[in-house]
Protein chains: 2
Amino acid sequence: MEQRIERIKKQLHSQSYKLTPQREATVRVLLEHEDDHLSAEDVYMLVKEKYPEIGLATVYRTLELLTELKVVDKINFGDGVSRYDLRQEGAAHFHHHLVCIECGAVDEIQEDLLEDVEKVVEHRWNFTIKDHRLTFHGICHRCK
Amino acid sequence: MEQRIERIKKQLHSQSYKLTPQREATVRVLLEHEDDHLSAEDVYMLVKEKYPEIGLATVYRTLELLTELKVVDKINFGDGVSRYDLRQEGAAHFHHHLVCIECGAVDEIQEDLLEDVEKVVEHRWNFTIKDHRLTFHGICHRCK
DNA sequence: AATCATCTTTGTAACAATTCTCATTTGACA
DNA sequence: TGTCAAATGAGAATTGTTACAAAGATGATT
């Protein structure tokens with residue numbers, strides 16, 4: 001935990017951003033809820049527990065900054081809100097999601113799985129892939 | 001065109017919905033812009049040209065209905081708006097997208113490409129896939 | 001230590017997309 | 001033709017997000 005924060009701090013510094021207390025509190029919340037897919041409002045509520053003076057705008061700005069640095073990814077599952085998801089450290093690509101249409105659960109797939117497909121796409125469409133988003137909708141193992 | 005509308009009409013009737021003039025005008029706009037990825041506002045503007053009395057809420061309601069019937073898919077490329085994309089008639093799965101981070105163009109991939117990946121996912125995660133969303137972000141052939 | 005420029009934060013206002021409300025209209029069918 | 005549920009239109013309300021202005025913190029330079 002502390003080490004990951006330390007590394008994120010370095011990453012910020014390398015682009016001459018600072019890890020202010022508010023930003024650190026926000027990052028801690030994200031690390032503590034690594035498996036969830038929190039909306040900005042969710043993050044705000046959770047940060048407020050430990051750092052009640054924080055403002056909503058600061059949370060939005062921090063999430064935006066972390067997205068820019070590719071520490072988190074901003075995703076959208078079709079409900080009206082953006083959600084923020086920590087990247088695996090060092091992951092080249094963003095992981096995939098399984099969204100259950102019964103219970104709404106969101107599970108993650110860390111494996112890439114798309115290498116072959118991406119080769120085909122890069123070739124056939126002459127498109128240089130920088131990132132991807134892959135979500136499956138269906139019935140999760142718990143709902144069967 | 002007329003035949004496709006006729007088939008959509010049947011589909012609506014089969015669920016006891018009606019193809020009202022407003023709905024038909026909306027469907028026509030979607031068919032005429034099959035290659036685009038129109039937002040609700042875009043659709044509204046275009047329908048208004050032919051049917052000026054239509055209200056924005058009706059367009060939203062119609063798009064919602066068509067989404068439910070899987071005539072269109074509601075997609076989200078990360079800008080703040082939902083876009084609506086006609087399904088290929090009879091397509092089992094939703095097609096994929098290439099979003100250019102230079103020029104913003106959105107191209108479509110009609111090929112499935114995910115058969116193998118889906119087999120793996122269904123097996124390994126015991127997840128029954130009903131639909132998918134796949135978007136690649138990168139540099140399109142025009143921007144190189 | 002005082003000064004200065006630069007970030008950063010906060011609270012709130014503004015904004016834009018979408019949904020809701022409700023009075024009115026429509027259209028299928030008895 | 002009268003009935004009634006479904007559909008519509010206009011605008012208000014709601015919601016997620018961003019912009020703004022003022023105040024505060026930081027850190028380098030003198």
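Naming convention: chains lettered A, B, ... in sequence-line order (proteins, then strands); numbering from 1 in each chain. Quick caveat, the model's predicted, so the values are computed rather than measured.
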Q.
Given dT9(C), dT19(C), dG9(D), identify the nucleotide with an atom nearest to the side chain of Thr58(A).
A. dT9(C)
(Q) On the nucleotide dT18(C), are OP1 or OP2 found under 4.0 Å from the side-chain N or O atoms that Ser82(B) carries? (A) yes
Q. Rounded to whole angstroms, how far apart are OH on Tyr44(B) and C1' on dA16(C)?
A. 15 Å
(Q) I need the NZ-P distance between Lys48(B) and dT8(D), as an integer number of Å. (A) 14 Å
Q | For atom CD of Glu53(B) and atom C1' of dA7(D), their distance in whole Å | A | 15 Å
Q. Out of dT8(D), dT17(D), dT8(C), which nucleotide sits closest to the side chain of Tyr17(A)?
A. dT8(C)
(Q) So if I apply the side-chain hydrogen bond (donor to acceptor under 3.5 Å, both in side chains) rule between Glu108(A) and each of His37(A), Gln88(A), His96(A), which one comes out positive? (A) His37(A)
Q) If you look at every strand shown and take non-hydrogen atoms under 4.0 Å, does Glu41(B) touch a base, only sugar-phosphate, or nothing? A) nothing
Q.
If you only use heavy atoms from C-beta on, which nucleotide in dA17(C), dT26(D), dT12(C) is closest to the side chain of Ala57(A)?
A. dT12(C)
Q. If you take all heavy atoms of Val47(B) and Thr26(B), which pair is closest and at what distance?
A. CG2-CA, 3.8 Å
Q. What is the distance from NE2 of His13(B) to C1' of dA6(D), rounded to the nearest Å?
A. 12 Å
(Q) Within a 6.0 Å radius of atom NZ on Lys9(A), are there more than 12 heavy atoms belonging to other residues, nucleotides or ligands? (A) no
Q: Specify the separation, in whole Å, of atom CZ of Arg83(B) and atom C1' of dT18(C).
A: 15 Å
Q) Are OP1 or OP2 of dT8(D) and a side-chain N or O of Thr20(B) less than 4.0 angstrom apart? A) yes
Q. The side chain of Leu56(B) lies closest to which of these nucleotides: dT18(C), dT9(C), dT21(C)?
A. dT18(C)
Q | Length of the line joining Glu24(A):CD and dT8(C):P, which is rounded to integer Å | A | 15 Å
Q.
Is any side-chain heavy atom of Thr58(A) closer than 4.5 Å to one of Glu53(A)?
A. no
**Q.** Tyr60(B) side chain, from C-beta outward: closest of dG27(C), dT17(D), dT18(C)
**A.** dT18(C)
Q. Glu64(B) or Lys18(B): which one's nearest nucleotide on DNA chain C is closer to the 5' end?
A. Glu64(B)
Q) Is the phosphate of dG9(D), meaning OP1 or OP2, less than 4.0 Å from a side-chain N or O of Gln22(B)? A) yes
Q) Does one side chain, of His95(B) or Asp85(B), offer a donor that lies under 3.5 Å from an acceptor on the other? A) yes
Q) Roughly, in whole Å, what's the span from CG in Asp79(B) to P in dT18(C)? A) 10 Å
Q) With sugar-phosphate meaning primed atoms plus P, OP1 and OP2, does Arg23(B) contact a base, only sugar-phosphate, or nothing at under 4.0 Å between heavy atoms? A) sugar-phosphate
Q. Atom CD1 of Ile54(A) to atom C1' of dA25(D): distance rounded to whole Å?
A. 15 Å
